[in-house]
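Here's the structure, in structure tokens; my notes come after.
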Amino acid sequence: MSDPILILPYTDEWAKEFHSIGCQLREALGDIALRIDHIGSTAVTGLAAKPVIDIQISVASFTPLTVFKAPLESLGFIYRAENPDKSKRYFREAPDQRRVHIHVRQAGSWTEQLALLFRDFLRSDPEHCRRYEQVKYELAKKYTHNRQLYTDSKEAIIWEILKQANHWSQQTGWSPANSDS
């Protein structure tokens, strides 16, 4: 049985934690990181979330891997080569450390842009933010000890929100703001 899925009310501490980690990442990676962004639910003010800081690092290329892998490992992050999502390189916190997920994506890629669009749309649309939060609470209760089912079950609401985000992006001429760190 895995750790229970816990959704917590939003706290300003998440932004502070990201800022602290983001500064360390920027120092370690320098210009290798074209962008360092706080993504995921903890990046949306007011949105309840699992207390996991998701960070997206945008790089020019995945090769050579060591260019960003070595600096991230020097900060204690562990590379997850077995991650099945080939659109990113994935790192996690060391055991007994604060939960942090680092998603290294290629700058300009569809998945890089998608994460930023999803975040920015939720930041701008309280109605969809609340609907997403409600679904997360319901699914966390239903799948308390099954992270895969929890994640898979969020897919429908995520794609519904992304459809609206796409319309919003066309209406507003959205493009990502400056990097967070």
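- Side-chain contact between Ser61 and Gln106: present, with at least one pair of heavy atoms (C-beta onward) separated by less than 4.5 Å.
- Using a 4.5 Å cut-off on side-chain heavy atoms (C-beta onward), Ile57 and Leu72 make contact.
- Between Val44 and Cys129, the shortest heavy-atom contact is CG1-SG, 3.8 Å.
- Looking only at distances, a side-chain donor or acceptor of Glu112 sits under 3.5 Å from a matching main-chain atom of Gly108.
- Nearest heavy atoms, Ile39 versus Ala115: CD1-CB, 4.2 Å.
- A donor-acceptor pair under 3.5 Å is formed between the side chain of Arg123 and the backbone N or O of Ala43.
- Taking both residues in full, the closest heavy atoms of Ser179 and Ile36 are given as OG-N, 2.7 Å, listed atom of the first, atom of the second, then distance.
- Counted within 6.0 Å of CD on Glu155, heavy atoms from surrounding residues, nucleotides or ligands total 12 or fewer; the atom is thus considered open.
- With rounding to the nearest 0.5 angstrom, the CG atom of Leu116 is 10.0 Å from the OG1 atom of Thr111.
- Contact between Tyr10 and Ala15 at its shortest, heavy atoms only, is OH-CB, 4.2 Å.
- A donor-acceptor distance shorter than 3.5 angstrom exists from the side chain of Arg89 to the backbone of Lys86, with no hydrogens or angles considered.
- Remark: the backbone N or O of Val100 is paired with a side-chain donor or acceptor of Glu93 at under 3.5 angstrom.
- Atoms CD1 and CD, on Ile7 and Gln134 in that order, are 13.0 Å from each other to the nearest 0.5 Å.
- Relative orientation of the His103 and Tyr90 rings is tilted, given thresholds of 30° and 60° on the angle between their planes.
- The shortest distance between side-chain heavy atoms of Ile158 and Tyr132 falls below 4.5 Å.
- When only modelled atom types and interatomic distance are considered, Lys136 and Ser41 share a side-chain donor-acceptor pair under 3.5 Å.
- Between His128 and Phe121, the angle of the ring planes lies from 30° to 60°, which puts this pair in the tilted group.
- Between the side chains of Asp125 and Trp168, no donor-acceptor pair is found at a separation under 3.5 Å.
- Scanning all heavy atoms of the two residues, the minimum distance from His38 to Arg119 falls at O-NH1, 3.0 Å.
- Hydrophobic clustering (side-chain heavy atoms under 4.5 Å, transitive across Ile, Leu, Val, Met, Phe, Trp, Tyr) groups Ile157 together with Tyr150.
- In the hydrophobic cluster analysis, where Ile, Leu, Val, Met, Phe, Trp and Tyr join through side-chain heavy atoms closer than 4.5 angstrom, Leu75 is grouped together with Phe18.
- Looking at Lys50 and His101, their side chains never come closer than 4.5 Å, going by heavy atoms from C-beta outward.
- Each of Thr151, Asp152, Asn146 was evaluated against Gln148; a single residue qualifies, Asp152, per the side chain to side chain donor-acceptor pair (under 3.5 Å) test.
- Annotation: Gln164, atom CD; neighbour count of heavy atoms from other residues, nucleotides and ligands within 6.0 Å is above 12.
- Taking the side chain as every heavy atom from C-beta outward, Phe68 and Ile102 never approach each other to under 4.5 Å.
- Residues Val67 and Leu34 are members of separate hydrophobic clusters, defined by side-chain heavy-atom contacts under 4.5 angstrom among Ile, Leu, Val, Met, Phe, Trp and Tyr.
- Clustering ILVMFWY residues whenever any of their side-chain heavy atoms sit less than 4.5 angstrom apart, transitively, puts Trp14 in a cluster other than the one holding Phe118.
- Taken from CG in Leu162 to CG in Leu114, the straight-line distance is 5.0 Å, to the nearest 0.5 Å.
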inquiry  = For Lys69 and Glu73: C-alpha separation, side-chain torsions, deciding distance, then whether salt bridge (charged side-chain N to carboxylate O under 4.0 Å, His left out) applies.
reply    = CA-CA 6 Å; Lys69 182 177 180 269; Glu73 288 177 336; 3.1 Å; yes
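- Salt bridge Glu160/Lys163: absent, no basic N to carboxylate O contact under 4.0 Å.
- A salt bridge does not link Lys141 with Glu138: every distance from a Lys NZ or Arg NE/NH1/NH2 to an Asp or Glu carboxylate oxygen is 4.0 Å or more.
- Annotation: the span from Ile55 atom CD1 to Ser181 atom OG amounts to 8.5 Å, rounded to 0.5 Å.
- Side-chain heavy atoms closer than 4.5 Å link hydrophobic residues (I, L, V, M, F, W, Y) into clusters, and following such links, even through other members, never connects Leu8 to Tyr143.
- For the pair Phe62 and Val104, the tightest heavy-atom approach, listed with the atom from each and the gap, is CE2-O, 3.4 Å.
- Here the CD-OG distance, from Gln24 to Ser20, works out to 5.0 Å after rounding to the nearest 0.5 Å.
- One finds the CG atom of Leu47 at 5.5 Å from the CD atom of Glu133 (value rounded to the nearest 0.5 Å).
- The closest donor-acceptor contact from the side chain of Asp37 to the backbone of Asp180 lies under 3.5 Å.
- Although no hydrogens or angles enter the test, the distance criterion places no donor-acceptor pair under 3.5 Å between the side chain of Arg105 and the main chain of Gln113.
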